[in-house]
Amino acid sequence: MDLTWNEFERTDMRIGTIIEINDFPEARKPAYQLTIDFGSEIGIRKSSAQITKRYQKEDLFNRQIVAVVNFPKKQIGKFMSECLVLGAVGKEDDVILLAPDFKIANGLRIG
């Protein structure tokens with residue numbers, strides 16, 4: 001089913017920088033708990049991301065990513081996910097993060 005342009009515009013995708021990464025042993029599928037800085041307008045948000053197949057924690061610190069910031073919060077075990085980190089999903093559920101090519105300001109909107 002196709003989206004209308006107005007529906008697409010309601011999706012608020014922003015640039016953020018990962019500032020903290022923690023293991024998430026309680027998750028059903030291997031995942032990290034991420035803390036992401038989206039700049040002064042959006043602030044700091046947390047997300048659970050199933051990206052452990054391709055990324056080590058040290059690879060993620062200070063990495064910029066793209067995330068949807070206007071979905072409702074989602075409880076994942078004892079963890080509250082506040083945004084959705086975006087990535088391309090391969091055949092074996094290996095996720096490649098979407099990211100800008102250059103360092104840019106946190107909070108910039110994707111359009």
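In what follows, residues are counted from 1 in the order of the sequence shown.
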Side-chain hydrophobic cluster, 4.5 Å single linkage: members besides [X]:
X     : value
Phe71 : Trp5, Phe8, Met13, Ile15, Val66, Val68, Leu84, Leu86, Leu98, Ile104, Leu108, Ile110
Met80 : none
Ile44 : Ile19

Side-chain donor/acceptor pairs under 3.5 Å, residues 20-29, sequence neighbours excluded:
residue, atom, partner, partner atom, Å
Glu20, OE2, Asn22, ND2, 2.9
Asp23, OD2, Lys57, NZ, 3.2

With sequence neighbours excluded, residues passing salt bridge (Lys or Arg N to Asp or Glu O under 4.0 Å) with Arg63: none

For Arg14, salt bridge (Lys or Arg N to Asp or Glu O under 4.0 Å) partners two or more places apart: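 Arg14 satisfies salt bridge (Lys or Arg N to Asp or Glu O under 4.0 Å) with Asp12, Glu41 once adjacent residues are dropped.
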
Quick one: does any side-chain atom of [X] pair with a main-chain N or O of [Y] as donor and acceptor, under 3.5 Å?
X     : Y     : value
Glu82 : Lys46 : yes
Tyr55 : Leu97 : yes
Lys53 : Glu92 : yes
Glu7  : Glu9  : no
Ser47 : Ser81 : no

Contact check, side chains of Lys74 and Ile76, non-hydrogen atoms, under 4.5 Å: yes

Heavy-atom closest pair, residues Ala105 and Gln64: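 Nearest pair, atom of Ala105 first, then Gln64: C-NE2, 4.4 Å.
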
Pair Asp94-Ile51, side-chain contact (heavy atoms from CB on, under 4.5 Å): steps then yes or no: CA-CA 7 Å; Asp94 57 328; Ile51 56 175; over 6 Å; no

Within one Ile-Leu-Val-Met-Phe-Trp-Tyr cluster: Leu60 and Val89, side-chain cutoff 4.5 Å: yes

Can you tell me how far the [atom1] atom of [X] sits from the [atom2] atom of [Y], to the nearest 0.5 Å?
X     : Y     : atom1 : atom2 : value
Ser48 : Leu34 : OG    : CG    : 7.5 Å
Thr35 : Arg45 : OG1   : CZ    : 12.5 Å
Ile18 : Ile65 : CD1   : CD1   : 5.5 Å

Heavy atoms of other groups near Lys78 NZ, more than 12 under 6.0 Å: no

Side-chain donor-acceptor contact under 3.5 Å, Asp37 with Thr17: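 No.
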
